[in-house]
Amino acid sequence: MKKLIFAILSTGLITVFVNAQKAKVVVLGVGHSTQFVNFNQQPSAIRAFIDRVNPRAVCVERSPEEFSKNDFYEFTFEQQYVIVPYAREKRLPLYPIDWLPSENDMDLAFGMKDLEVPKFTRQKNGFLGFTTFKEKQDFEDDFYFADKKSYKDICSGYNPLFPTNLFDFPRRLFLYRTFLQSARIQKVLENYKETDTILVVIGAFPQKRY
């Protein structure tokens, strides 16, 4: 049986916790809302992938509190309009595994207390602006683009050894977010057997942190 070993460094001592991995995990990295512009990533391709994996449960990119209110990120078309409805149609359990920082932490890291409320007048693009697609890969990437080395190289700027600067706090907060996402996935596994498969569908960028 596979083992996942977590080493926690505290007061100079290393405590090792060993948990049995009870189920296989399949992680699908997606481009948020690229289903609108990329034929290779159309909704039917995602639904066919779910059928092929045949999971016992599906983990989605939203925090539990917001998910309980049916509140999603506005740019994650693939989550609320493809994955969640299809999983419910198939009667698959859904687990929200994302994490959001507190208002104070968001204010310290980004200078705003709510990262989900756009300005009264939206920007043309960028963070909290209109969702736009300008890069060639948005239109041409294949379904498994997130698993390719070329995409991993794009994400290398978030390497833990990235030089300290003004960008370091939000970078570290993002890494903490992905750590807690993985911890929530681990909690999901506790409910399933070794022969089960759990599907995690998440933005391609966070996927590279697992």
Side-chain angles (χ1 to χ4, degrees), residues 1-2 4 19-100 131 133 135 137-152 154-155 177-210:
M1 184 178 292
K2 295 181 179 179
L4 295 179
N19 289 331
Q21 182 171 337
K22 296 184 178 180
K24 179 174 71 173
V25 177
V26 175
V27 181
L28 176 64
V30 296
H32 290 317
S33 294
T34 52
Q35 298 74 35
F36 285 114
V37 297
N38 190 324
F39 178 81
N40 298 319
Q41 298 173 28
Q42 59 186 293
S44 60
I46 296 177
R47 290 191 288 266
F49 181 81
I50 295 174
D51 289 342
R52 182 66 181 270
V53 172
N54 191 27
R56 286 293 306 278
V58 179
C59 298
V60 295
E61 189 177 356
R62 198 54 170 141
S63 61
E65 297 79 9
E66 281 69 26
F67 183 83
S68 68
K69 298 179 287 187
N70 205 35
D71 179 0
F72 292 87
Y73 298 116
E74 63 177 6
F75 53 84
T76 55
F77 171 84
E78 76 287 344
Q79 301 282 340
Q80 57 262 44
Y81 295 113
V82 182
I83 297 152
V84 169
Y86 196 59
R88 286 173 175 164
E89 179 184 326
K90 296 290 184 179
R91 298 189 178 183
L92 296 172
L94 285 159
Y95 293 92
I97 51 90
D98 203 1
W99 172 83
L100 286 176
T131 299
F133 305 95
E135 303 298 329
Q137 61 262 28
D138 291 335
F139 299 86
E140 298 181 358
D141 276 340
D142 64 25
F143 192 77
Y144 300 105
F145 75 97
D147 294 315
K148 295 183 176 179
K149 182 181 183 302
S150 57
Y151 188 77
K152 183 177 180 180
I154 294 174
C155 303
R177 172 197 176 197
T178 54
F179 173 81
L180 288 183
Q181 287 173 343
S182 65
R184 281 183 167 152
I185 294 170
Q186 287 294 326
K187 293 298 291 183
V188 172
L189 296 185
E190 294 178 3
N191 300 313
Y192 293 91
K193 301 177 296 185
E194 204 174 336
T195 54
D196 294 334
T197 298
I198 307 302
L199 175 62
V200 178
V201 185
I202 196 164
F205 195 78
Q207 180 223 13
K208 284 302 174 188
R209 307 313 313 168
Y210 299 146

Problem - Audit row: Asn54, Thr197, side chain to side chain contact (heavy atoms under 4.5 Å, CB included) steps and yes/no - result: CA-CA 7 Å; Asn54 191 27; Thr197 298; over 6 Å; no
Is it the case that the side chain of [X] and the backbone of [Y] share a donor-acceptor pair, with hydrogens and angles ignored and the cut-off at 3.5 Å?
X     : Y      : result
Asn38 : Asp138 : yes
Gln80 : Asn70  : no
Glu78 : Gln35  : no

Exceeds 12 heavy-atom contacts within 6.0 angstrom, atom [atom1] of [X]:
X      : atom1 : result
Arg56  : CZ    : no
Tyr81  : OH    : no
Lys187 : NZ    : no

Practice task
Name the orientation class of the two ring planes belonging to Tyr95 and Tyr192 (parallel below 30°, tilted from 30 to 60°, perpendicular beyond 60°).
Solution key: perpendicular
From [atom1] ([X]) to [atom2] ([Y]), nearest 0.5 Å:
X      : Y      : atom1 : atom2 : answer
Lys90  : Leu92  : NZ    : CG    : 8.5 Å
Gln137 : Thr34  : CD    : OG1   : 11.0 Å
Glu135 : Glu140 : CD    : CD    : 11.5 Å
Asp142 : Phe39  : CG    : CZ    : 13.0 Å
Lys69  : Ser63  : NZ    : OG    : 8.0 Å
Cys59  : Gln181 : SG    : CD    : 10.5 Å

Problem - Test side chain to side chain contact (heavy atoms under 4.5 Å, CB included) applied to Val84 and Phe72, step by step - result: CA-CA 11 Å; Val84 169; Phe72 292 87; 4.0 Å; yes
Handout entry: Heavy-atom side-chain proximity of Arg62 to Asp71 below 4.5 angstrom
Key = yes
Exercise for the section: Give the intermediate values and the outcome of side chain to side chain contact (heavy atoms under 4.5 Å, CB included) for residues Asp98 and Tyr73. Expected result: CA-CA 11 Å; Asp98 203 1; Tyr73 298 116; 2.6 Å; yes
Exercise for the section: List the steps and the verdict of side chain to side chain contact (heavy atoms under 4.5 Å, CB included) for Gln41 and Phe145. Expected result: CA-CA 10 Å; Gln41 298 173 28; Phe145 75 97; 3.7 Å; yes
